[in-house]
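What follows is a short report on a single structure.
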Amino acid sequence: FYMGSIKINFLYNAILNVVNILFPVVTIPYVSRILGVEQIGIFSFVTTIVSYFSLFAALGMPLYGTREIAKRVGNQIEINNLFNELFSINVISSLVFTTLFLISVYVVPAFVENRSYFLISGISLYFCAFNIDWFYSGIENFRLITCRSIVVKLLMIVCLFLFVKSRNDLSVYILLNSLALLGNQLWNILSLRYSGFKIKFTVHSLKKHIHPLVILLFSAIAMQIYLMIDTVMLGFMSDYTELGLYSSAIKSIRIIMPLTIALSVVLLPRLSYLKENGSKEEASGLLNKAFEIITLFSVPLVFFFFAVSDKFVPFFFGTEYVGAIVPMKICSLLIWIGNMSYFSSVQILAMFSYENKFLLSTVAGMFVNILGNLFLIPAWGAVGASVASVMGEISVTFVAFFYIYRYHLFEIRWGYLFKCVISSFSFAIFAVFMYSVELGVVGWLIVYSVLSWGAYLLIQSLIFKNTFCIRFLRFKFSN
């Protein structure tokens, strides 16, 4: 197995993230109107709980597996042995947590009333060991991940419009989501078998993986808690309507975030490989490039989504969701803060084997988020959960960069960040001038997007001489 071109991998990952954005753009308006806000709240609650069990079953494999496979690229025998060891650990953990999940569904009162939904959603948990994206990421086979995901999503869309017709079809919607995840998992294993890879269960040489996996598991748990605990706590402390409003707002923001870190995801295995082979200067150069791309796009997206929320939410979700406008404005801050959290904790600390510091940063975010939810949800509901989410991500980023600076791993380019913020004020200016312009929602969104993004690119190109923006504009005008 050999690593591919970073540019080609970035292209595949960018395509995947565009598809991941377009998929909910097509499905969310339909599902939101068909199922209604309360049913969407139940769906969010059920799938979040299942996600927690899946998280435990996966241990810390998504990060650890990617990192360790990448270190051994070029040695097929070592990769095969390592894969079988990690896969066997996942089989054992999946069996354990599937058993605990089934017991919980029949014992926990809050789960019993939605037992049928939980059992259907649990399909992805039952086959969790087959989720070997960490292997394909480690060998940088982003082509397979992208093509597979696109095919499964297209099938999902077709089935969604065919079978989800009324508010009584929540179980069908949950089943389709579970089968889509299962399709990805089975595709992974069948592709590996077809390539001649020898998959076998083993109990030998597993012990050496336990310590780093446990550390990364705790980190992943803490990370997922501060990412999803707001949904769970809203489900317990508020009502499904507030949960539906919040999940709609946060989902809109989180589906756009991966696009701004497409390069970062591609660089994870490469950074691990470079660190293992002593190429520090090249690794540092890649980190600088990743920071620039993340900042260049995520900062203006914060301003953009804050400005369009008033018109976007009722148009996209329906008038029933106007209560999601304020949560969405607050959550727009996550586009930059959340990406910086991922960049600093996962891409730097975890990939450079600072598992303990990675754990500390995620635990800090978890505690801040939980405390924020406890104090803010009872009074403010979805708005309080939004504030708590932002506070949690800020905490992760602060602690992660504390250790990054302490160990001289990376330095923030404050000047570059400042230029992106200044350029992004074009979004606020056009929002003010166009606020009362009557163009219809679609027309307003199109005109505003063209003017504000055009101004942003021009400021970056003409005033701050951003080479990426200059190349982009030259390409556009030359075609």
Side-chain angles (χ1 to χ4, degrees), residues 43-68 83 85-112 114-115 117-135 137 174 177-178 181-182 184-185 188-189 201 203 206-233 235-236 254 342 345-346 350 355-356 358-367 369-370 373 392 396:
F43 170 80
S44 298
F45 182 65
V46 170
T47 53
T48 299
I49 295 297
V50 174
S51 296
Y52 276 125
F53 279 94
S54 298
L55 172 66
F56 279 95
L59 299 177
M61 203 61 73
L63 282 177
Y64 181 76
T66 298
R67 190 182 74 190
E68 297 305 309
F83 172 83
E85 292 165 7
L86 300 182
F87 177 71
S88 299
I89 291 173
N90 260 174
V91 169
I92 296 170
S93 62
S94 294
L95 290 173
V96 171
F97 287 103
T98 292
T99 303
L100 292 175
F101 169 75
L102 293 174
I103 293 172
S104 300
V105 168
Y106 284 89
V107 173
V108 179
F111 298 169
V112 171
N114 292 311
R115 181 186 299 156
Y117 298 143
F118 277 105
L119 292 175
I120 297 171
S121 185
I123 292 173
S124 59
L125 169 64
Y126 312 149
F127 296 92
C128 183
F130 292 166
N131 185 6
I132 55 171
D133 277 359
W134 49 267
F135 171 77
S137 295
I174 294 175
N177 278 272
S178 298
L181 292 172
L182 178 61
N184 285 321
Q185 294 165 345
N188 284 340
I189 293 296
F201 183 83
V203 293
L206 302 185
K207 187 176 180 180
K208 61 185 177 183
H209 302 297
I210 301 302
H211 178 71
L213 274 174
V214 169
I215 296 294
L216 288 174
L217 170 62
F218 286 142
S219 301
I221 291 170
M223 181 181 294
Q224 290 304 311
I225 285 176
Y226 75 71
L227 287 176
M228 298 191 296
I229 195 64
D230 37 25
T231 301
V232 176
M233 293 180 73
F236 280 107
R254 293 214 183 276
Y342 179 90
S345 61
V346 176
E355 290 99 347
N356 293 331
F358 174 43
L359 175 60
L360 288 174
S361 67
T362 53
V363 168
M366 178 188 71
F367 277 115
N369 201 340
I370 290 175
N373 282 316
V396 175

Query raised in the report: Can you name the residues that form a side-chain contact (heavy atoms from CB on, under 4.5 Å) with L119, not counting sequence neighbours?
Result: L102, V105, Y106, R115, Y126
Report summary line: Taken in chain and number order and not counting sequence neighbours, the residues that satisfy side chain to side chain donor-acceptor pair (under 3.5 Å) with N188 are D133, R148
**Report entry** Pairs meeting criterion salt bridge (charged side-chain N to carboxylate O under 4.0 Å, His left out) with involvement of residues 208-225, two or more places apart
**Finding:** E85-K208
Query raised in the report: What's the shortest heavy-atom distance between S361 and S345, and which atoms?
Result: OG-CB, 3.9 Å
Query raised in the report: Would F358 and L216 count as a side-chain contact (heavy atoms from CB on, under 4.5 Å) if you check the C-alpha gap in whole Å, the side-chain angles of each, and the deciding distance to 0.1 Å?
Result: CA-CA 8 Å; F358 174 43; L216 288 174; 3.8 Å; yes
Report task. Assess whether atom CZ of F367 is packed by more than 12 heavy atoms of other residues, nucleotides or ligands within 6.0 Å. Result -> no
Query - Pairs meeting criterion side chain to side chain donor-acceptor pair (under 3.5 Å) with involvement of residues 58-68, two or more places apart - result: Y64-H209, R67-E355, E68-K71, E68-R72
Query - 4.5 Å side-chain heavy-atom contact, M366 and I229 - result: no
Query raised in the report: Hey, would you say the W134 and F83 ring centroids sit under 6.0 Å apart?
Result: yes
Requested in this report: Only counting residues at least two apart or in another chain, list the ones meeting side-chain contact (heavy atoms from CB on, under 4.5 Å) with L360.
Outcome: K357, Y403
Report summary line: When rounded to the nearest 0.5 Å, the distance separating CZ of F218 from CG of L359 is 8.0 Å
**Report entry** Min side-chain heavy-atom separation I215-N356 under 4.5 Å
**Finding:** yes
For residues 91-101, which side-chain donor-acceptor pairs fall under 3.5 Å, sequence neighbours excluded?
unit_1	atom_1	unit_2	atom_2	d
S93	OG	A57	O	2.4
S93	OG	I89	O	3.3
S93	OG	N90	O	3.0
S94	OG	N90	O	2.7
S94	OG	A129	N	3.3
T98	OG1	S94	O	2.7
T99	OG1	L95	O	2.8

Query raised in the report: Roughly how far apart are I174 CD1 and I123 CD1, rounded to 0.5 Å?
Result: 10.5 Å
Report task. Could you tell me which non-hydrogen atom of A350 sits nearest to which non-hydrogen atom of L63, and how far apart they are? Result -> CB-CD1, 4.2 Å
Report task. Quick one: list whatever passes side-chain contact (heavy atoms from CB on, under 4.5 Å) with F111, sequence neighbours left out. Result -> F45, I49, S104, V108, F118
Query raised in the report: Between atom CZ of F127 and atom CG of L181, what is the distance when rounded to the nearest 0.5 Å?
Result: 12.5 Å
**Report entry** salt bridge (charged side-chain N to carboxylate O under 4.0 Å, His left out) contacts in which one or both residues fall within residues 86-106, not counting sequence neighbours
**Finding:** none
Query raised in the report: Which residues pass the side chain to side chain donor-acceptor pair (under 3.5 Å) test with N114, sequence neighbours left out?
Result: none
Query - Qualifying residues under side-chain contact (heavy atoms from CB on, under 4.5 Å), relative to K207, sequence neighbours excluded - result: none
Query raised in the report: Rounded to the nearest 0.5 Å, what separation is found between the CE atom of M61 and the CD1 atom of I132?
Result: 11.5 Å
**Report entry** Contact check, side chains of N131 and N184, non-hydrogen atoms, under 4.5 Å
**Finding:** no
Requested in this report: Verify, without hydrogens or angle tests, whether S54 (side chain) and V50 (backbone) share a donor-acceptor contact under 3.5 angstrom.
Outcome: yes
Query raised in the report: Pairs in or reaching into residues 45-55: which pass salt bridge (charged side-chain N to carboxylate O under 4.0 Å, His left out), with residues at least two apart or in two chains?
Result: none
**Report entry** salt bridge (charged side-chain N to carboxylate O under 4.0 Å, His left out) pairs, two or more places apart, involving residues 219-232
**Finding:** none
